[in-house]
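Side-chain atoms are counted along with the backbone in the values below, which use heavy atoms only and exclude waters and symmetry mates.
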Amino acid sequence: MSQPRVSLWATEEIDEELQVDVNLAIGNYGQNGLYEDAQPKIDEATLIAVQHQMAQQAAFSQIPDAVKRFIVHFHQAVLENNLAEITVAYESGWNRLTEKHYSKTEWPEAEVIAPLVNDDQLFLILYRELYYRHVYSRLQPDIDDRFHSYENSCELFNYLLNSEDGPVSLQLPEQWLWDIVDEFIYQFQSFYVWRAKVKTKTEEELVMLADGSQVWSAYSVLNVLYSLIQKSKINEFILAQQQNKSEAEIAEIVGDYGSLPLYHMLGYFSLIGLLRVHVLLGDFTLALKVVENVELNQKNPFTRVTACHVATYYYVGFCYIMLRRYPDAIRVFVQILNFILRMRQYHTRSYQYDQINKTADRMYALFAICNALSPSRLDDNILNIVKDRYGDQFAKLSRGDEGLPAFEELFLYACPKFISANPPPYDDPEQLASYAEEPPSEPAQRHLALFVADVRAQAAVPTLRSFLKLYTSLDAAKLASFLDADEEEMVQQMMAVKAASRSVSRVGTEKNLLDGQMISTSDMDFVINENMVHISEVTVGRRFAGWFIRNTEHAQRVLDGVKNGPLPLAPQPAAGSEAESKSAPAQQKKVAWATAAKA
């Protein structure tokens, strides 16, 4: 009888240090070189392939059985398009096994686990996407990881966009689709930051960077995002929804690709991805123009993924800051920060809880900057949190020139990691040497300089406002003496106050994020008539809506706690009163809570 076949899980472990002695295996049968030409030789490529295969077998034997079972189950769920199983494997299984087995090491390479999935190329592409994301988040990627992650991203998007059979039938969770787009942009950003550090590169890295100038190019990244938007026809879908068209009309507009959830959500997330890329490149107007059709409310599909929801508001708010639309930025930050406060108990269950909290901290810092440049009482609760977290910096922001270091500190902490689209001249050694000796300023420093220039122009505003609030009319010469300046300089400062109290803002009727009207953002106005300054203060009534909402939510939480609490136990009757209790059954029925407790 033939021996039973050995199970795949029972593969014997192979020593990693196993070496093959070619001379011992082949022998030297030649005599004084007479038969050297006839002597059989092993091709070097074949030998390398054999050694590579043996190394893969050794690596395969070291994979824990739990990981093997997980990969097989994960692959089966992807094959069957079982969205529920894929979601559990992606959001729970992968992270749990990472913490247990691969918290400080790489997952097995795709070629090693290929036998478990029958060499399914689609699943291996998805697996590599998770593999490289793990390398970027937990480890330090080298140049090979950066190049190979780019190649794998190209393979994935080429499969989705250029499939010969039309739209693919793949189904993935919305969280994973967002993470694919988000990680694609993060790796692009990380590559640009790493590439700009010329002095830390080895000779091998310099050669690879000179030859791979198109790797992670801004053009290729933008091309992918625009292609996903065009393929899904997401902008046409949003406009059709705003026009209240029927589902049949919308399906006809978006076509075969846009009708599938995969392409539909990738289109939405690509809009947010483009917003982020243009912010990183410093084009804030174009960033808002890309998402002009997207309405910032709780009804949009991107709000179903909390990380995408938070990122959208962060980048939109930052764009408003750089465009000097501080009231709009404050409104955006207040809306999303209140959402995070309300949903905090649910965020703790998410594996992205830390990232959401970090983004929230940065938005609190940006809110402090906006409130200093355009004071408002939009939400006292958020303002109190800002004072608790950034109390020292917040107090310095209103001190004119003395507060500039605080503005710089908060801005550098809260701003995105800007990138420069122009790479160092790796293909020209002479220019590269001069580039390394005198590198250009960091992109963040350039944006900081522009922002501080605007802040410095408003440095005298807090002091001048404090004097104007004390009077209803004031002689110009007297005001100039208060400021220790001549009248001409005093007029310049007052014009700065006037400019700081005017801003373009969305009043409420605008649909696009770039639209707005010129409004007054100050609670005080003034005019100069000959030598007199006339001041009028606009009293702003206290906003009670936020107070009522917070207390209503608190009352609702208390009520939910009472409802979810255990019922009190019924009092036990005394032995002597048993006859009385039997004689009064009607009275017992009136005690509803006691009956429920006994049941």
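- In this structure, W216 and F191 have tilted ring planes: the angle between them lies in the 30° to 60° band.
- With sequence neighbours excluded, the residues that form a side chain to side chain contact (heavy atoms under 4.5 Å, CB included) with S217 are Q214, Y219, S220.
- Judged as a side chain to side chain donor-acceptor pair (under 3.5 Å), and not counting sequence neighbours, the contacts of E129 are R133, W176.
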Without placing hydrogens or testing angles, list every side-chain donor-acceptor pair under 3.5 Å for residues 431-444, not counting sequence neighbours.
residue : atom : partner : partner atom : Å
Q431    : NE2  : D428    : OD2          : 3.4
S434    : OG   : Q431    : O            : 2.8

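- Residues Q241 and I250 come closest through the heavy atom pair CG-CD1, 4.0 Å.
- For Q230, the CD atom is loosely surrounded, since the number of other residues' heavy atoms within 6.0 Å does not exceed 12.
- Not counting sequence neighbours, the partners of D454 by the side chain to side chain contact (heavy atoms under 4.5 Å, CB included) test are R324, Y326, Q458.
- H101 pairs by the side chain to side chain donor-acceptor pair (under 3.5 Å) definition with nothing, not counting sequence neighbours.
- Side chain of N152 to backbone of I125: a donor-acceptor contact under 3.5 angstrom is found.
- Aromatic ring centres of F339 and Y313: separated by at least 6.0 Å.
- Judged purely by distance below 3.5 Å, without hydrogens or angles, the side chains of H134 and E106 never pair a donor atom with an acceptor atom.
- Here Y102 and W94 keep their ring centres 6.0 angstrom or further from each other.
- Here Y314 pairs with R362 under the side chain to side chain donor-acceptor pair (under 3.5 Å) rule; sequence neighbours left out.
- Of the inter-residue distances, the one linking D119 atom CG with I113 atom CD1 reads 9.5 Å to the nearest 0.5 angstrom.
- When the ring pair (Phe, Tyr, Trp, His ring centres under 6.0 Å) test is applied to F123, the partners found at least two apart in sequence or on another chain are F74, H75.
- E151 contributes atom CD, which lies 14.5 Å from atom CZ of R146 (distance to the nearest 0.5 angstrom).
- The ring of Y192 has its center closer than 6.0 angstrom to the ring center of F188.
- Checked against side chain to side chain donor-acceptor pair (under 3.5 Å), Y364 has no partners two or more places apart in sequence or in another chain.
- Applying the side chain to side chain contact (heavy atoms under 4.5 Å, CB included) rule to A365 yields the partners Y390, L410, Y413, A414; only residues at least two apart in sequence or on another chain are considered.
- For an aromatic pair to be called close, the ring centres must be under 6.0 Å apart, and F367 with F333 fails this.
- Residue D283 is tested with V279, L280, L286 for a side-chain contact (heavy atoms from CB on, under 4.5 Å); the sole match is L286.
- Ring geometry for Y127 versus W107: interplanar angle over 60°, hence perpendicular rather than tilted (30 to 60°).
- Relative orientation of the W178 and F269 rings is perpendicular, given thresholds of 30° and 60° on the angle between their planes.
- Applying the ring pair (Phe, Tyr, Trp, His ring centres under 6.0 Å) test to every pair with at least one member in residues 220-241, sequence neighbours left out, gives these pairs: F237-H264.
- In this structure, R456 has no salt bridge (charged side-chain N to carboxylate O under 4.0 Å, His left out) partners at least two apart in sequence or on a different chain.
- Partners of K231 according to the side chain to side chain contact (heavy atoms under 4.5 Å, CB included) rule, which considers only residues two or more places apart in sequence or in another chain, are L161, Y257.
- Nearest heavy atom pair, residue L124 against residue A110, reads CD2-O, 3.6 Å.
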